[in-house]
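These notes are about the structure you will find just below.
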Amino acid sequence: MNSASPADESLESAIRHHLAGRHAAAEALYRRIIAAQPALAAPKHWLGFMLQQIDRLEEAHELMSESLRLDDTHADWHYNFAILLARLEKTDLAVQSFLNAIALQPQNYFSWTNLGALYEKSADYVKAEQSYLLAAKLDPDCPDAYYLLSALYVEQERFKEAKQFHCLGFTSGPIADKSRIKLSLAYYELGRVDEAIALIDGWLAEQPDHPEAQHLAIAYKGLPAPQRCPDAYVESTYDGFAASFETTLSKLKYAGPEALTEELQGMAIAGAVLETLDLGCGTGLNGGYLKAVSSTLTGVDLSERMLDQARQKAVYDRLIKSEICAFLADSKQQYDLITCMDTLIYFGALEEIMMLMARNLKPGGAIIFTTETPAADDGTQPSHGSGRRDYHLNISGRYSHPEAYLRHLLQSNGFAQPHLRDMTIRMEAGTPIAGQMLRAYKL
């Protein structure tokens, strides 16, 4: 009958202390074993591994390198050493250590993803891509490699591939707790249209009156597009989004505030002199920039929870909960400046709101707004029964508008000196969302 040696039992005890977070006790026991049996590799490796975890990196390096000199047959030891070398910025040595681990255990998913990250750091993008693709092949249900590939492709401006792998990442693994909106969009982008529609239909079967499910069903099935998003859809979307809104936009590299600042600078405004109306003000993300040029600043939004966030900024003189067309129709005031940032994307037909904005501007007053640019028809978007050329309902649930339509509306509503520039509004699913920033003056 085999029995464990005292050294084995001591090492097991040291590892138990280590795993329990009793680092001082574990270190003392590891060192007693090493002192008694300096030819043993395992206690040196595991002590080094523990010291790496508590940021004693140089000591860890000495012990782990010595353990591999004594015994280089363990793939996980090479992997752990590679992680340490990467932390010490010894990139070339870390690459070799990951390759050593892979030689012993070629099916290790995370050896390949970490190796790819080191190749990417060294600007060896071909090997980085190959490493990530191998990882994805090894475990198609793990999202890490897909997201790493998506980020790599974004850096190379390979946006179609970036979107594909971002969507693969989101659809991999368990889906129970994932957003049905994002999941259906990912299915659609991957060409799994039937699954996308089935997901929305299932949502409607559970909640027939849910405004987001109703609106997205129209977009996904290519039904005749309504002239605007229902108020309930916008309010439900942004009430649920308010707490994380600004954090999410930061991650998506939302460019609205910077673009608005450039437009305000282009107007050469001297001092805080404007009476300004911020339509669709949301959390007040643009409020600080507008307040700097405004004697009074009014914000209007349909979402009470977004307005709660805006109130905390304390930059608006008035914050009003209202649908913006209804507010403009009832307003008796005229403004020097009306802004409408990232809001007209929830309107298809813009005739009414453009007329109302013109009516609520003083002569010589300015409007500044953004829209999204229609994508080229590549067969990935459903065709809507309305057949309209002036707006398009996208599978995102948002509308896009062609430049010719916008210029026609500005002209027909008495605006002059239109200044239009193309911009990337934000990134979504590894792809830039193209849009337009427009500024024009009322005659």
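Remember, it's a predicted structure, so these values are computed and weren't measured experimentally.
Across every non-hydrogen atom of G430 and F159, the tightest pair is O-CD2, 3.6 Å. Heavy-atom minimum distance, I353 versus L344: CD1-CD2, 3.7 Å. The minimum heavy-atom distance linking A310 with G282 is given by the pair CB-O, 3.5 Å. Contact detail for T171 and A186: the closest heavy-atom pair is CG2-CB, 3.6 Å. Looking at every heavy atom in both residues, S97 comes nearest to H78 through OG-O, 2.9 Å. T424 and A255 make their closest contact through O-CB, 3.4 Å (heavy atoms, listed as atom of the first residue, atom of the second, distance).
Between the OH atom in Y399 and the CD atom in Q227 there is a gap of 8.5 Å [rounded to 0.5 Å]. Considering NE2 of H74 and CG of N100, their distance stands at 14.0 Å, rounded to 0.5 Å. Note that CG of L133 and CG of L148 are 11.0 Å apart. Values are rounded to the nearest 0.5 Å. The distance from the CD atom of E120 to the OH atom of Y132 is 4.0 Å, given to the nearest 0.5 Å. Expressed to the nearest 0.5 Å, how far CG of L216 lies from CG of L204 amounts to 9.0 Å. How far OG1 of T371 is from CD1 of I425: 7.0 Å, rounded to the nearest 0.5 Å.
N114 places none of its side-chain heavy atoms less than 4.5 Å from the side chain of L118. At least one side-chain heavy atom of Q130 sits under 4.5 Å from a side-chain heavy atom of V126. Looking only at side-chain heavy atoms (C-beta outward), S400 and T373 stay at 4.5 Å or farther from each other. When side chains are defined from C-beta on, K313 counts as touching T283, because their heavy atoms get closer than 4.5 Å. Here the side chains of D71 and W77 are in contact, with some heavy-atom distance below 4.5 Å. Side-chain contact between Y238 and L302 is absent, with no heavy atoms from C-beta onward closer than 4.5 Å. The shortest distance between side-chain heavy atoms of F347 and Y391 does not fall below 4.5 Å. Counting heavy atoms from C-beta outward, S65 and R69 have side chains that stay 4.5 Å or more apart.
Counting only distance, with no hydrogens or angles, the side chain of S150 and the backbone of Y147 share no donor-acceptor pair below 3.5 Å. With hydrogens and angles ignored, the 3.5 Å screen pairs no side-chain donor or acceptor of Q164 with any backbone N or O of L190. A distance-only check finds a donor-acceptor pair linking the side chain of D301 to the backbone of S303 [under 3.5 Å]. Checking side-chain atoms of N80 against main-chain N and O of D76 turns up a donor-acceptor pair under 3.5 Å. Here the side chain of Y125 pairs no donor or acceptor atom with the backbone of Q156 at under 3.5 angstrom. In this structure, S122 contributes its side chain and D124 its backbone to no donor-acceptor pair below 3.5 Å. Although no hydrogens or angles enter the test, the distance criterion places a donor-acceptor pair under 3.5 Å between the side chain of S184 and the main chain of I181. Of the possible polar contacts, none joining the W112 side chain to the Q107 backbone as a donor-acceptor pair under 3.5 Å is found. Remark: side-chain polar atoms of H215 are paired, donor with acceptor, to backbone N or O of G397 under 3.5 angstrom. Under the 3.5 Å distance criterion, the side-chain polar atoms of H419 are left unmatched by any main-chain donor or acceptor of A440.
Using a cut-off of 4.0 Å between Lys/Arg side-chain N and Asp/Glu carboxylate O, E304 and R311 are scored as salt-bridged. Electrostatic pairing of R421 and E263 counts as a salt bridge here, judged by a charged N lying under 4.0 Å from a carboxylate O. The residues R398 and D342 are annotated as not salt-bridged, no charged nitrogen and carboxylate oxygen being separated by less than 4.0 angstrom.
Shown here is K291, whose NZ atom has more than 12 heavy atoms of other residues, nucleotides or ligands within 6.0 Å. Counted within 6.0 Å of CD on E62, heavy atoms from surrounding residues, nucleotides or ligands total 12 or fewer; the atom is thus considered open. Within a 6.0 Å radius of CD in Q411, no more than 12 heavy atoms belonging to other residues, nucleotides or ligands are found.
Take L99 and apply the side-chain contact (heavy atoms from CB on, under 4.5 Å) test, not counting sequence neighbours, and it matches V95, Q96, L115, Y119.
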Using the rule given for side chain to side chain contact (heavy atoms under 4.5 Å, CB included), can you reason through C281 versus T339, listing the C-alpha separation, both sets of side-chain angles and the distance that settles it, and then say yes or no? CA-CA 9 Å; C281 65; T339 59; over 6 Å; no
Passes side-chain hydrogen bond (donor to acceptor under 3.5 Å, both in side chains), Y316 versus D278? Steps please. CA-CA 9 Å; Y316 289 87; D278 187 11; 2.7 Å; yes
I'd like to know whether L337 forms a side chain to side chain contact (heavy atoms under 4.5 Å, CB included) with L290, so could you lay out the CA-CA distance, the side-chain angles of the two residues, the decisive distance to 0.1 Å, and finally the verdict. CA-CA 9 Å; L337 172 64; L290 294 172; 4.2 Å; yes
Yes or no on side chain to side chain contact (heavy atoms under 4.5 Å, CB included) for L185 and F170, after CA distance, side-chain angles and deciding distance? CA-CA 10 Å; L185 179 61; F170 195 78; over 6 Å; no
Show your reasoning for whether side chain to side chain contact (heavy atoms under 4.5 Å, CB included) applies to D390 and L350. CA-CA 9 Å; D390 45 15; L350 300 179; over 6 Å; no
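Identified under the side-chain hydrogen bond (donor to acceptor under 3.5 Å, both in side chains) test for residues 84-93, with sequence neighbours left out: D55-R87, E89-K121. Note on residues 248-261: no pairs pass side-chain hydrogen bond (donor to acceptor under 3.5 Å, both in side chains), not counting sequence neighbours.
Using the six-membered ring where Trp is involved, F245 and F241 have ring planes that are perpendicular, over 60° apart on the 30 and 60° scheme. The aromatic rings of Y188 and Y220 sit perpendicular, their planes meeting at an angle over 60°, well past the 30° parallel limit. Using a 30° and 60° split on the angle between ring planes, H210 and W203 fall in the tilted class, from 30° to 60°. Classification of the F81-H61 ring pair by plane angle, with boundaries at 30° and 60°, yields tilted. Ring planes of W46 and F49: perpendicular class, angle over 60° (limits at 30 and 60°). Taking the six-membered ring where tryptophan is involved, the planes of H18 and H23 are perpendicular, since the angle between them exceeds 60° and thus also 30°.
In the model, Y79 has no side-chain atom that pairs as donor or acceptor with a side-chain atom of Q105 under 3.5 Å.
Exactly one residue among E129, H166, K163 makes a side-chain hydrogen bond (donor to acceptor under 3.5 Å, both in side chains) with Y153. That residue is E129.
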